[in-house]
Every structure is written in C-alpha cells, then in structure tokens.
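Written below as structure tokens is the structure these notes are about.
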Amino acid sequence: MGMMGALVENPGEVVALVKLKAAAAKIARQIPPEEHWAFAYTMLQKVSRSFSLVIQQLGPELRNAVCIFYLVLRALDTVEDDTSIPADVKVPILQEFHRHIYDRDWHFSCGEKDYKVLMDKFHYVSTAFLELGKGYQEAIEDITRRMGAGMAKFICKEVETVDDYDEYCHYVAGLVGLGLSKLFYAAGLEALASDSLSNSMGLFLQKTNIIRDYLEDINEIPKSRMFWPRQIWSKYANKLEDLKYEENSTKAVECLNDMVTNALMHAEDCLTYMAALKDIAIFRFCAIPQVMAIGTLALCYDNLEVFRGVVKMRRGLTARVIDQTKTMADVYGAFYDFSSMLKAKVNDKDPNAVLARQRVEAIQKICVSSGLLNKRGLQVCNTQPTISPMLIIVAVVLLAILLATLSK
C-alpha cells in the first residue's frame, strides 16, 4: 500500500506526519553555530534521523551529552561493522577506542557514505566530548571501553548459543541502556536504574533490529554478518543464509517466530523501567523507541517479508507514536495493542506457539493491571472511519503548503 492509500485508511496520521516534518525542519534551524557542535548535530540527523528527532525531547545539557554518546558509539559500531578491516587491525582499535575520544586529532578512515564522514572528521566529536561535564565524560568513557572490549571479543567469536546472543546484545546495546541510565543520573534528573532493567531496555531494541535486518545483514558485502544464534536457527536450516530461499519459507517463518518470541522476554523489564521514570522529557526519549520496537516485532512475527525485503512500521503510524507517546498510559496501551496484533497471528502449529502466547499474555497482564489503559491518548489501532480520498489529498496539500511556509 502506498502512502496515500495508508493515509486514506488512517486519516488521523496526516496531522502527525506534518507535525513530524515540522519538527525535523525546526531541528535543522536550531543547529548550534559552533563548528564542532554543528557537525555533531548535523551528523546525528544523517546517521539516525529517528534518533535525532527523539533526542529533541531532552533538555540542552543532557541532549548534548546523549548526542555525543550516540555518535561515539556509532563511530565504534562503524569500525565493528566494516567487514573490509582485517581483524588484527580492527581489534586494537575497538579495545582502545575509549582513549581516542580524548584525542582532538584522532580519526580513522572506514565505513561508507555518512559513516565515513563521521570517522574522517571524528575530531569534531572529540572536541565536543571534551566540553561535557566530568560526570558525562566518565559515563561515556566507561561504556565505550566495555563495549569496545565486547565487540573485540566477538570479532573472533561466532554467536553460537542463546547465551552468546544475549552477551553480544549486552555489549552492543545493553551497555547503551546502562550508559543512558548513568547520564540521566549524572544530570540529576533520575535515580540510577538497576543494571538488569537498563540492560533489558537495550536488548529489546537490539534484538528487534537484528530480527528486522536479517536480509541486509546476510547479504552484507564482502562478508555476511550473522547475529541470529546457531542454537535457534540450526533447528530450522543447515545454514542461516538458507532461510532467505523460497523453498525454505515455512522453516524460515518458524525460525523468525522463535527469534521474536525470544525478544519478547525483555518487554516486562522495559515496562518496569519506564514506569519508574520521573522526568517527562527522559520518559518520552526512552518510551518512543520501545513502542516502535514492540510494533516492529508485531509486524515481523509470522511475516515472510522479513526474508524478502524491509519490514517496518508505516511512516504515518511512526509519526503518531512520536507525537502522542506522552504518558505511561500511552505506553501500556501501545504495548497491549501491538501484543494483541502479534497474538492474533500465532498459529497453533508453530513450534513456539505456546511460549509466544505466554509471553504476550504476560505483557498484556502488566498493561491491564496498571489500570491506565482507559487513560491513554495514543491509539495504534485504526478505530477511525475512512474519509474520502479526495478530502485526504486536499488536506495533505494544504498542510504541505503550511509546512513550506513555516520552514521559510
């Protein structure tokens, strides 16, 4: 379905889309004048447009710290992702990366497109990092050191077991959760969350990305990147790449459902973490990606398209999640609705059907027991009547004109 068709079926998303575009235009106008900060925020928009929008929920001081934290880890990840770098070159860089962030002159050419620009001009990131408060610097250095060591470990180690999978996801994402909790604490805005809850926040997002990005990773040139654990995929295929072939479609979907069921185990911790947040800006910053994750898992579950192309939430719904995720009631409502969508797709013949239902029902139980479902403002299911396509077209044109005027 094209975007216009999606808007006809979901007319409430039109305004959210325009507000999202207006927010993006506003961000572009608010890029700081200092050269190093201008580079940091411009690069943030290029390497992660969605994150650059979410980060705007935060106050200026914390926003600067999180921006640099993200770019440092994005650069570290760029080194890890570049399959053309020999292991004997890559491993020392990963292990020493936490020292390089203090060096205004250090850079390392690798990656492609915008990621290459980030690496070539990394000295701008280091310059901005050195202007952060000491508490922020210490948190970023600590997480960068631990993440680099973990990435180096898995350069020469395959993801064999589910424990390996959890350990890898801890290094590349769980530590991000720990680091963000430390930054929130350093800002004096939140109590320090437990490591286990912070870790689950990262694992839920990372496992969602690994599931969604199967085809992109398996087709990576010059070498495939394989993060699905052998302990899971070997139950369904002789080789992980076999899942992308049409003759293996049934087993591929069963393996996919196994992976999604594994990811769902972190959802309860994520809800507990978010419910404890006090600062509304930090809450929205944390909650929006988590809602996107449960929505993406609901779309991916039992969906053969994961092995054929890209599966992601439609832009209008993404815009509405960003615009309307404001309270814990909204989060409970979204988690309940998306888990219900997933549950409706569970097939009794699937090998993991029982466990999948158990995990979905555990999520739903938390949402219902909160007593907040009837107080949510965010509705992720289409409950609105269809509007005339012509009216939608007129509305889009008028709003586009308004947005263009605001941009000027």
Side-chain angles (χ1 to χ4, degrees), residues 1-3 5-6 9 81 83 158-166 168-169 173 203-267 292-315 317-318 337-361 363 380-382:
M1 179 191 302
M3 175 172 285
E9 289 197 0
D81 283 351
T83 54
E158 294 290 336
V159 180
E160 297 283 348
T161 67
V162 172
D163 286 343
D164 290 339
Y165 182 46
D166 286 341
Y168 174 76
C169 290
L203 264 62
F204 193 58
L205 299 181
Q206 182 65 20
K207 288 185 176 183
T208 299
N209 291 339
I210 286 175
I211 292 166
R212 181 199 61 197
D213 294 341
Y214 165 86
L215 192 62
E216 178 183 341
D217 289 338
I218 210 71
N219 289 336
E220 181 75 23
I221 296 174
K223 182 182 178 182
S224 295
R225 301 168 64 218
M226 295 183 283
F227 302 115
W228 290 30
R230 182 185 297 272
Q231 186 178 347
I232 290 180
W233 63 255
S234 63
K235 293 184 289 185
Y236 307 96
N238 293 323
K239 294 185 292 185
L240 181 58
E241 56 265 34
D242 289 347
L243 297 176
K244 68 180 180 179
Y245 300 121
E246 187 172 353
E247 61 267 25
N248 300 318
S249 295
T250 299
K251 289 296 182 182
V253 169
E254 290 178 353
C255 184
L256 169 65
N257 294 345
D258 201 337
M259 291 288 292
V260 173
T261 300
N262 172 275
L264 291 174
M265 67 188 293
H266 305 291
M292 295 289 293
I294 188 67
T296 301
L297 289 176
L299 286 175
C300 287
Y301 188 86
D302 210 50
N303 189 349
L304 188 59
E305 282 303 306
V306 170
F307 304 96
R308 304 290 182 264
V310 179
V311 174
K312 58 183 180 180
M313 289 170 56
R314 63 182 183 272
R315 289 178 62 188
L317 181 54
T318 297
D337 286 349
F338 281 129
S339 60
S340 296
M341 290 168 57
L342 192 156
K343 186 179 179 181
K345 296 197 290 182
V346 177
N347 187 324
D348 288 336
K349 295 180 180 179
D350 188 274
N352 293 280
V354 173
L355 183 57
R357 284 199 183 92
Q358 287 176 350
R359 290 189 172 160
V360 166
E361 288 166 2
I363 294 169
V380 299
C381 296
N382 181 22

*Worked check of side chain to side chain contact (heavy atoms under 4.5 Å, CB included) between Asp217 and Trp228*: CA-CA 10 Å; Asp217 289 338; Trp228 290 30; over 6 Å; no
*Quick one: do Val380 and Phe338 satisfy side chain to side chain contact (heavy atoms under 4.5 Å, CB included)? Show the steps, please.*
CA-CA 8 Å; Val380 299; Phe338 281 129; 3.7 Å; yes
_Please list all pairs meeting salt bridge (Lys or Arg N to Asp or Glu O under 4.0 Å) that have one or both residues in residues 230-243, counting only residues at least two apart or in different chains._
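Of all non-adjacent pairs touching residues 230-243, those that pass salt bridge (Lys or Arg N to Asp or Glu O under 4.0 Å) are Glu160-Arg230, Lys235-Asp258.
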*Qualifying salt bridge (Lys or Arg N to Asp or Glu O under 4.0 Å) pairs with a residue from residues 337-349, counting only residues at least two apart or across chains*: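 Listed by first then second residue: Asp337-Arg376, Lys343-Glu361, Asp348-Arg357.
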_Stepwise side chain to side chain contact (heavy atoms under 4.5 Å, CB included) check, Leu264 with Leu342_ = CA-CA 11 Å; Leu264 291 174; Leu342 192 156; 4.2 Å; yes
Measure the [atom1]-[atom2] distance between [X] and [Y] for me, rounded to the nearest 0.5 Å.
{"X": "Met292", "Y": "Lys312", "atom1": "CE", "atom2": "NZ", "answer": "9.5 Å"}
{"X": "Asn347", "Y": "Tyr301", "atom1": "CG", "atom2": "OH", "answer": "8.0 Å"}
{"X": "Leu256", "Y": "Thr261", "atom1": "CG", "atom2": "OG1", "answer": "9.0 Å"}
{"X": "Tyr214", "Y": "Met259", "atom1": "OH", "atom2": "CE", "answer": "11.0 Å"}
{"X": "Arg359", "Y": "Asn262", "atom1": "CZ", "atom2": "CG", "answer": "6.5 Å"}
{"X": "Cys255", "Y": "Leu240", "atom1": "SG", "atom2": "CG", "answer": "7.0 Å"}

*List for me each residue that meets side chain to side chain donor-acceptor pair (under 3.5 Å) alongside Asn219, sequence neighbours excluded, and say none if there are none.*
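Asn219: side chain to side chain donor-acceptor pair (under 3.5 Å) contacts with Lys244.
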*asked:* On a heavy-atom basis, which atom in Trp233 and which in Asn238 lie closest, and how many Å separate them?
replied: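 Taking every non-hydrogen atom into account, CZ3-O, 3.4 Å.
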*Name the orientation class of the two ring planes belonging to Tyr168 and Phe227 (parallel below 30°, tilted from 30 to 60°, perpendicular beyond 60°).*
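Because their plane-to-plane angle is under 30°, the rings of Tyr168 and Phe227 count as parallel.
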*Beyond-backbone contact of Asp166 with Lys207, side-chain heavy atoms, under 4.5 angstrom*: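 They are in side-chain contact.
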_Would the distance check show the side chain of Glu305 and the main-chain N or O of Val311 forming a donor-acceptor pair, the cut-off being under 3.5 Å?_
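Here the side-chain-to-backbone pair does not exist.
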_Chi angles and distances behind the side chain to side chain contact (heavy atoms under 4.5 Å, CB included) call for Glu254, Asp350_ = CA-CA 6 Å; Glu254 290 178 353; Asp350 188 274; 4.0 Å; yes
